[in-house]
Amino acid sequence: MMQESSKIYVAGHRGMVGSAIVRELRRQGYDNIVTRTHSELDLTSQAEVEAFFKEERPEYVFLAAAKVGGIMANQSALADFMYENMMLEMNVIHSAWRNGCRKLEFLGSSCIYPRMAPQPMPESCLLTSELEKTNEAYALAKISGLKYCEFLNRQYGTDYISVMPTNLYGPNDNYHPEHSHVLPALIRRFHEAKVRGLTSVTCWGDGTPLREFLYVDDLANLCVFLMNHYSGDETVNAGTGKELTIKALTELVARVVGYDGEILWDSSRPNGTPRKLLDVSKAKALGWTYKTELEEGVRLAYDDFLTNPMRAER
């Protein structure tokens, strides 16, 4: 287990997941946390990453850095998503191993699972059939990262683990109008529609896909829990075990934001995977469960959006 004085590196500490992990570590009394901004350390540069690990020698690593985005961003920059994510994760994992890191935790995504995976999706369904095309590049990069952790464990006896979160939301999210995920995109869209007095808002697809959402501070709690209590080659799913339609989600977000106009649907736009629900029985068996229900979490996220205006510019 980590000690309060253990040197802990959180890669991606300015992002939604990384910042939540830093908050959770500090809440639990860990105070020897190492971070670097992108301007201080380019994780896609093998030389820079190796020099950083040689100098700092962190004992524990949370690899939360990633190039992320919604359907539009993934479809418009397939090569960029694959290259940048594979480069940064391979550099960090490899240098951690070369420089004696005691334990590393890799953060992936539920998009690693097949498009038509059994529902809810168990960890064992990985690589059993075809991926969803709209985020295939990102998924392949994440699969490579978790498999590299597994192969280092098998070949060199490391203790590198991975966790696969469902759709995340919460403080420090990305609300960019084109590059954000569905829930923060809806928060921004409905907020702007309310401010402008728009009578209707048009959303992508037909509203039928089913999705699961996890508040990011709950994920951070699980990440620290797993670092201290789990070892194994197979990844661990992180979710709530609950789902709702995108249509129901839009209505919930509109209600929280206070928008009372009409919600329209553009069925010419892609829906994405029909259903994505994680089987979270493994995390529960380890002794962990989520705490934040969706409506409460959306209210907290909207408060963050309102009180951190720079978030809306990203």
Side-chain angles (χ1 to χ4, degrees), residues 9-21 35-50 52-53 61-98 101 104-115 123 126-127 130-152 160-169 172-174 176 178-182 184 214 216 219 223 235-238 272-273 276 314:
Y9 171 45
V10 180
H13 75 286
R14 283 188 165 181
M16 178 174 63
V17 175
S19 61
I21 291 173
T35 61
R36 292 290 188 277
T37 64
H38 178 70
S39 62
E40 293 170 330
L41 175 61
D42 179 2
L43 295 180
T44 65
S45 167
Q46 187 177 49
E48 288 188 33
V49 173
E50 181 64 16
F52 164 78
F53 272 89
V61 173
F62 291 87
L63 179 42
K67 179 180 177 64
V68 299
I71 291 177
M72 180 182 292
N74 273 273
Q75 286 186 312
S76 63
L78 295 168
D80 294 345
F81 270 83
M82 188 167 191
Y83 176 80
E84 291 184 35
N85 282 296
M86 289 193 73
M87 288 297 291
L88 72 86
E89 67 196 29
M90 290 297 170
N91 287 340
V92 171
I93 297 168
H94 188 69
S95 288
W97 164 65
R98 282 170 54 90
C101 173
L104 178 144
E105 183 174 307
F106 175 69
L107 275 291
S109 166
S110 61
C111 71
I112 66 168
Y113 295 124
R115 170 180 169 81
E123 290 87 352
L126 179 66
L127 295 175
E130 188 177 27
L131 296 167
E132 162 63 33
K133 291 298 182 184
T134 55
N135 52 25
E136 183 181 26
Y138 183 71
L140 287 170
K142 288 298 183 181
I143 291 170
S144 297
L146 75 89
K147 280 294 182 182
Y148 188 43
C149 289
E150 176 190 335
F151 296 155
L152 284 172
Y160 290 1
I161 62 174
S162 62
V163 56
M164 295 300 125
T166 188
N167 300 289
L168 300 170
Y169 69 101
N172 207 20
D173 208 339
N174 176 11
H176 191 281
E178 295 180 357
H179 302 146
S180 58
H181 289 101
V182 60
L214 178 67
V216 71
L219 170 66
C223 288
T235 191
V236 178
N237 287 339
T273 305
K276 286 175 66 177
R314 298 207 322 240

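For the numbers below, each heavy atom of this structure counts, side chains included, while hydrogens, waters and symmetry mates do not.
- With a 4.5 Å cut-off on side-chain heavy atoms, Y113 and E123 count as touching.
- Distance CG/N91 to OG/S45: 7.0 Å, rounded to 0.5 Å.
- Closest approach of M16 and L168 over heavy atoms only: CE-CB, 3.7 Å.
- A distance of 9.0 Å separates CG of L88 from CG of D42, quoted to the nearest 0.5 Å.
- Shown here for F106 and L146, the closest heavy-atom pair between the two residues is CE2-N, 3.4 Å.
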For side-chain contact (heavy atoms from CB on, under 4.5 Å), just list the numbers for M87 and E84, CA-CA rounded to whole Å, side-chain angles, deciding distance to a tenth of an Å, and then say yes or no. CA-CA 5 Å; M87 288 297 291; E84 291 184 35; 5.9 Å; no
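- Between V92 and L43 there is a side-chain heavy-atom pair separated by less than 4.5 Å.
- With a 4.5 Å cut-off on side-chain heavy atoms, C111 and K276 count as touching.
- In plain terms, the two heavy atoms of E105 and C223 that are nearest each other are OE1-O, 2.8 Å.
- Taken to the nearest 0.5 Å, the NZ atom of K142 stands 11.0 Å off from the OG1 atom of T235.
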For E89 and Y148, run side-chain contact (heavy atoms from CB on, under 4.5 Å): C-alpha distance rounded to whole Å, both residues' side-chain angles, the deciding distance at 0.1 Å, then the answer. CA-CA 9 Å; E89 67 196 29; Y148 188 43; over 6 Å; no
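- Scanning all heavy atoms of the two residues, the minimum distance from I93 to G145 falls at CD1-O, 3.7 Å.
- Nearest heavy atom pair, residue V163 against residue A238, reads CG2-CB, 3.8 Å.
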Show your reasoning for whether side chain to side chain donor-acceptor pair (under 3.5 Å) applies to E50 and S95. CA-CA 5 Å; E50 181 64 16; S95 288; 2.7 Å; yes
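- The two residues G15 and N172 have their closest heavy-atom pair at O-ND2, 3.2 Å.
- Under the side chain to side chain donor-acceptor pair (under 3.5 Å) criterion, T37 pairs with S39, E40, not counting sequence neighbours.
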Hey, mind stepping through L63 and L107 against side-chain contact (heavy atoms from CB on, under 4.5 Å) and telling me if it holds? CA-CA 6 Å; L63 179 42; L107 275 291; 5.7 Å; no
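- Taking the six-membered ring for Trp and the full ring otherwise, F52 and Y9 have centroids separated by under 6.0 Å.
- Put simply, CZ on F62 and NE2 on H13 are 15.0 Å apart, with the number rounded to the nearest 0.5 Å.
- To the nearest 0.5 Å, the span separating CE on M82 from OG on S144 amounts to 6.0 Å.
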Worked verdict on N167 versus H181 for side-chain contact (heavy atoms from CB on, under 4.5 Å): CA-CA 8 Å; N167 300 289; H181 289 101; 5.5 Å; no
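- Annotation: the span from L140 atom CG to N85 atom CG amounts to 11.0 Å, rounded to 0.5 Å.
- A 4.5 Å side-chain heavy-atom check between L127 and K147 finds at least one atom pair inside the cut-off.
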